[in-house]
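What follows is a short report on a single structure.
FYI, side chains are in, hydrogens and waters are out, and symmetry mates aren't considered; it's all heavy atoms of this structure. In this text, all values refer to a predicted model and were calculated from it rather than measured experimentally. Naming convention: chains lettered A, B, ... in sequence-line order (proteins, then strands); numbering from 1 in each chain.
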Amino acid sequence: MSRIGVFTCHCGENIAGTVDCPKVAELTRQIPGVVHSVDYKYMCSDPGQTLIKEAIKEHKLDGVVVAACSPRMHEPTFRKAAAEAGVNPYLCEMANLREHCSWVHEKNEATTQKAADLVRIMVEKVKHDTPLTPIKVPVTKTALVVGGGIAGIQTALDIANAGHQVVLVEKSPSIGGHMSQLSETFPTLDCSQCILTPRMVEAAQHPNIKLMTYSEVEKVDGFIGNFKVTVRKKAKKVDEKACTGCGLCVTKCPNKKIPDEFNEGLAFRPAIYVPFPQAVPNKPTIDTANCTYFKNGKCGVCSKVCPTGAIRYDQEDELITMDIGAIVMATGFKLMQTDKFPEYGYGKYKDVIDGMQFERLASASGPTAGVIKRPSDGKEPETVVFIACSGSRDRAKGVPYCSKICCMYTAKHTMLYKHKVHHGQAYVFYMDIRSAGKDYDEFVRRAIEEDEAKYIRGRVSRIYEEDGKLIVKGADTLMNGEPVEIKADMVVLATAVQSQDRSEDLAQTLHISYDKYGFFAEAHPKLRPVETNTAGIFLAGACQAPRDIPETVAQGSAAGAKVAALFSQDELTREPIVAVVNRQAPPLFSTCTGCFLCQTACPYQAIEQEEIKDRSGRVIKTVAKVNPGLCQGCGTCVAFCRTKAIDLAGFSNEQLFAELMTL
Amino acid sequence: MSSASHHAPHADTLAARVKAATGISLAQCYQCGKCAAGCPVSEEMDLTPCQVLRLLQYGQDKYDERAMRSAGIWLCLSCETCSTRCPQEVEIPKIMDVVRAEALKRGIAHPKSKDILAFHRAFLDSVEQTGRLYEIGLVANYKLRSGHFLKDVMLAPKMYVRGKLGLLPHMIKGTAAVKRIFKRTLGSKG
Amino acid sequence: MRIGYYPGCSLLGSSREFNESVKAVCEAIGLELVEVPDWNCCGASSAHVLDHELSVALPAKILAQAEAAGLTEVLAPCAACYSRLIGAYSELEKNPDHKTRVSEIIEMPYTGAVKVVNVLEVLERFADVIQAKAVQPFARKVACYYGCLLVRPPKVVNFDRPEDPQVMDQLAAKVGATPIDWPFKTECCGAAFSVTRTDLVAKLCGKIVDSAVKLQAEALVVACPMCHSNLDMRRPETNAALGKDLQIPVLFLTQVIGLAMGIEPKKLGIQRHMVPVAFNAPTGAQA
Amino acid sequence: MSEQFEPKITAFVCNWCTYAGADLTGTSRIKYQPNVRVLRVPCTGRIDFMLIMKAFERGADGVMISGCHPNDCHYTSGNYHARRRWMVFRDLMDFMGIDTERVTFSWVSAAEGAKWGALVNEVTDKIRALGPNTEQKQLVGLGVE
Ligand SMILES: Cc1cc2nc3c(=O)[nH]c(=O)nc-3n(C[C@H](O)[C@H](O)[C@H](O)COP(=O)(O)OP(=O)(O)OC[C@H]3O[C@@H](n4cnc5c(N)ncnc54)[C@H](O)[C@@H]3O)c2cc1C
Ligand SMILES: Cc1cc2nc3c(=O)[nH]c(=O)nc-3n(C[C@H](O)[C@H](O)[C@H](O)COP(=O)(O)OP(=O)(O)OC[C@H]3O[C@@H](n4cnc5c(N)ncnc54)[C@H](O)[C@@H]3O)c2cc1C
Ligand code: SF4
Ligand code: SF4
Ligand code: SF4
Ligand code: SF4
Ligand code: SF4
Ligand code: SF4
Ligand code: SF4
Ligand code: SF4
């Protein structure tokens, strides 16, 4: 039989004003198992706490109910006091006589009766409480950052600068992401390469950062602080250590007509290539799908010319497994393809390009050295039409959301265009101008007022080619929908920002949630924007939703800070309110039937499958097992389990039923 | 203030009728103008398609009436260019059908609708009577209804010579059943 | 092989040559056409302007007749009829409870057992046969004109690409023609306004014909009687509106295919067009 | 009837939203009827059918279940599961002869102190009007556990 003490607080007049506290103490003293019950003016005061501690010792109490204010207020206070007196803190509970009783009811018998009932409920709970100890898990202080765009670079640098190890995994041959392709950036029009390249180099040279380019995450096991990650290092067919980056192979490769991804198909590259001059690492990769040697065994020129013998045609993919404490996803976005636009020609008009292609045309390092030339015939376009919301905010054929960055980059494009083609005229068809950011709307106004971009509010219905011009048929909704037709030399579509290809697969590999568009889901849209629902996995940049660079960098740093905070501890301490699947000897018997309903219900992927084997190693059955590192203690699994094999510590079935028995 | 009550929206708006008849909510339209931009006849219309929708969005008699009195609604060809491209999946031709029907019912259809209606009525007459279209009958009937007598007669001989005009109607066996279909649908609505 | 056939009113009157050429080509490729018994008019573009229910009931009656005759698929060569039939079919599939109501109106059971197909869809199935039989290639540059009704609304017809469709071009190419890539394939020709707003039709057709000629097409190819009559019969008004004298002929796709197969021009109704088909050798050999 | 029937109401509330909301009712000194006994659970997702049936078996005349608003669940989806399960429970309750009116599902956030007060009054009045839970007797002995 338990020895429980009940301590009823007056809270000055706050409780005692409506509740007859001495009577509550008296009524509750009669509850079986209660061996001590007193009331006092201010329980949370020092003398109040001392009173409790002494009572624990004097009456050898093994459970405590403090009938006072809300547990949200003082539960930690009294649990600490109980612990100091030698009672497991989880055997101390509070009955909420103030917020839930004295403050909300009149002074009368019913109110006092309710107060006594509230105490009764908690006494029964305490009787069924079990001592719990906070869960401790060790932390491996190495972070994995997936994706080497500006988000990933920023995160990696911040974590590395906090003194922790980082592995930065990038799937393409160089880090840099989309930002490396941009010409100049809003809202300040500074050169993208100029601000990005130093960071890329810093990341590559940082002693705490291990760069793995041309690599992808293959498998993730484990949980916060203790992930085991397998990365596939794809074969570049070039020995990175031996290669000096002299570039001879690249110049000599005879196979030069491969559409250049970095230049968005506006230029060509050879089969052995460095994606762009400032690439990090600045060493080539063989594109085996397009290399003659890999297609028919002929050629081999690169190998012949390489002065250091760095070409390795027989190099294989490598699988590397490592221990990781935290993961940051920074895999970015992709743009909707122009062939997704039937009314704009299914991508067949060469001079209908997307925003990224325009960036390349405007970039000093681009295929035209920054001179604006249209792709079809290299002429300077004198009229350029920009179409905002191409595929965005289009639930019929595109995506319903706003891509957020295109209003701004379109304004930027009109400016860059005007700065380069002084006599040119830019038109923008738009629906709304979304430029909510520091200096953003001013920037758009500048495009309109100083660089004379003509903004027309309406969507374009159709584009077709006639007499060497692109006929753009729009309407002006500020003029009652009056049809507007513009004969353009080039059209730039601000195509929708979408999640990366196969982002759902990646999310499943990592057990993180994603939204219906394939963007990774944050744990809470306002209060936990860089965390995922899976403890220890964080998000940065455009893999979560469309973002511009300032936001991406802010989020990268935020994710970095979260990781650094996590790594500031050697062990993680967590509330022991977690689910457990019952296990009873001999040997490891469980009532779990292995239905795994709990697994489907758990929002945190905390439930794993475990095989129970007999002595000879034969699998008797497969049962559920909760990973206490991942479980957040919501209890959803408990409600789902039909055999009551899984239960939640601190809010067990037994406890809740006991509470109900007092009614 | 006096006009406020006059403008107060009520449940029996044209938008509500559109919703009931077609399931389309006028609120879907975000006034991007893409419909007007692609419509082959919007230049001829006094109200462009998106403008018609805008008027209905107010949900007020005054604007509903403006839409119904418009000539433009009678020009819609039901070519579906607008609905094929509308990003918000608004089926404008169906809405036009409802607006026209309401305009007729309330007797406020634009005078220019006369010829167009005359044609459709003449066409349906032919179908109601014979079960099929009787082209010469249609032309004659249309001319009677619209008063434009000479417009197409010039073509008729050419068509006749090329075997394109039958002088006698094709009567189908089930004409009585077809007549009853007309009665149950068109007829029942007065 | 056999398939239900709904010629529709135009094919008995102003577009006889379409009927004639469809029948001739189908015979040549071995497809038997079984006419829907005692079919009625589909209501064309008039019924829906005046009454929605009527515009569903008339096509439903046709499909119910086909169903009663044991047909499972009906070919409606006229694009306007096709559009009305498939529109009604799709609406009734979406709201199955309306089937009961419509059955009452038409006094026959309607279950939705009969599918509706257009002429391009059917010919596409025989593309290889057609190619094999094209003994006299129609070696001309053609502008394939689809109009509005074959491909729109995309969710209802579910056929080809709604903008820049391809099937007719591919079929024309199979018989030796060179289809031009042009932007007016699906621009509306003015459809049912032929009589009431001839001025509008002339204007809309003007853009279409002008563009085809500019891009050096020698013939316009269509698969819809309405398109045909607007582009062919309304040519004088169209030319007047353009201030030009364009004599590009307008052929039905089935006529093009028929000519290439060596079917006698008369059997295909070539002589019935207003704008004369003035190819020196009607077999398609270049003059 | 001299004495009016005072219903017993059991409320299962989540720790993060409704429990905090009910605290706010107190801090705001909003008065409500004293018939409710609150049981705190981490999340509405934790509440299973057995708990509700047990409450009825123990003589509750009404049961309230309240948690975070949709999309605001502290545990992201627990409240969603709870709601989905409720659809199934309802039929089951019906089957067991309990008036489904006796169960109230609601969302009360941590900021909705006034709402909690009003809700308790509303439910108390409703259950008082429904009368005592006589169906309970059928449950006792059924061994709901
Ligand atoms: C046309 C255009 C113009 C723009 N102009 C501006 C501007 O002027 N100012 C501005 O602030 N913003 C601008 N932006 C937005 C800017 O590009 C983004 O904010 C920024 O690139 C987001 O960075 P990120 O690192 O999140 O994503 P990304 O740049 O997309 O980088 C993601 C990286 O992850 C890698 N990756 C993807 N999947 C994997 C995987 N599975 N494993 C490993 N690596 C992976 C990718 O290869 C890439 O290197 C513009 C965007 C566009 C499209
Ligand atoms: C009407 C309205 C509705 C909104 N609705 C939403 C919404 O629905 N969703 C949403 O996401 N956002 C909303 N917001 C925005 C949201 O309020 C802000 O994003 C958020 O409050 C910003 O938080 P903050 O801490 O930066 O600033 P603040 O909330 O302003 O906090 C600043 C604090 O600093 C204190 N302080 C100021 N100067 C000093 C000083 N010199 N020394 C010490 N302390 C100082 C202030 O007293 C204050 O407590 C809304 C804003 C408004 C105005
Ligand atoms: S313990 Fe709570 S109720 Fe008691 S005096 Fe302190 S604040 Fe007031
Ligand atoms: S030639 Fe050899 S050393 Fe030079 S870049 Fe190529 S692989 Fe590297
Ligand atoms: S082997 Fe391949 S990569 Fe090397 S030079 Fe030849 S084509 Fe280029
Ligand atoms: S940012 Fe502007 S252009 Fe881009 S989707 Fe949003 S509103 Fe459209
Ligand atoms: S729901 Fe219960 S029985 Fe089913 S797997 Fe989970 S713990 Fe085992
Ligand atoms: S208590 Fe919640 S988080 Fe923990 S295992 Fe169960 S469902 Fe998952
Ligand atoms: S295209 Fe659609 S959304 Fe745009 S204005 Fe027209 S109806 Fe409205
Ligand atoms: S359906 Fe009517 S409104 Fe729509 S584009 Fe065609 S003519 Fe214009």
- Item | Proximal component of C:P162, with respect to chain B [non-hydrogen, under 4.5 Å] | side chain

- Message: Let's test your reading of the structure: which of C:P236, C:S10, C:P154 forms the most heavy-atom pairs below 4.5 Å with chain B?
- Response: C:P154

- Task: Please state whether the side chain, the backbone, both or neither of B:R132 comes within less than 4.5 Å of a heavy atom of chain C.
- Result: both

- Message: Taking every non-hydrogen pair under 4.5 Å, which of B:L124, B:I116, B:V127, B:T22 racks up the most with chain C?
- Response: B:L124

- Item | Donor on one side chain, acceptor on other, C:D164 and C:Y146, under 3.5 Å | no

- Selection from C:L50, C:V151, C:L204, C:I106 maximising heavy-atom pairs under 4.5 Å formed with chain B: C:L50

- Message: For B:C76, which atoms come within 4.5 Å of any heavy atom of chain C: side chain, backbone, both, or neither?
- Response: backbone

- Message: Using heavy-atom distances under 4.5 Å, tell me whether B:L75 contacts chain C through its side chain, its backbone, both, or neither.
- Response: both

- Message: Which atoms of C:E104 are under 4.5 Å from chain B, going by heavy atoms: the side chain, the backbone, both sets, or neither?
- Response: backbone

- Item | C:F18 six-ring face occupied by C:R16 cation (under 6.0 Å, within 45°) | no

- Message: Is it the case that the side chains of C:Q255 and C:H273 hold a donor-acceptor pair, with the cut-off being a distance below 3.5 Å and no angle test?
- Response: yes

- Would you say the side-chain atoms of B:E80 and B:S83 include a donor-acceptor pair closer than 3.5 Å? yes

- May I have the step-by-step check of salt bridge (Lys or Arg N to Asp or Glu O under 4.0 Å) for C:E20 and C:K267, ending in yes or no? CA-CA 7 Å; C:E20 291 160 350; C:K267 213 179 152 197; over 6 Å; no

- Item | Interchain contact, C:Q271 with chain B, by part (heavy-atom threshold 4.5 Å) | backbone

- Task: Tell me, out of C:R152, C:K61, C:M108, C:H48, who's got the most heavy-atom pairs with chain B below 4.5 Å.
- Result: C:R152

- Message: Can you tell me which portion of B:E128 sits under 4.5 Å from chain C's heavy atoms? Options are side chain, backbone, both or neither.
- Response: neither

- Message: I'd like to know if the side chain of C:D245 pairs up with that of C:Q247 as donor and acceptor (distance under 3.5 Å, no hydrogens or angles considered).
- Response: yes

- Task: Kindly state each residue pair satisfying side-chain hydrogen bond (donor to acceptor under 3.5 Å, both in side chains) with at least one member in residues 33-45 of chain B, sequence neighbours excluded.
- Result: A:E343-B:K34, B:E44-C:K203

- Quick one: do the B:Q57 and B:R54 side chains pair a donor with an acceptor below 3.5 Å? yes

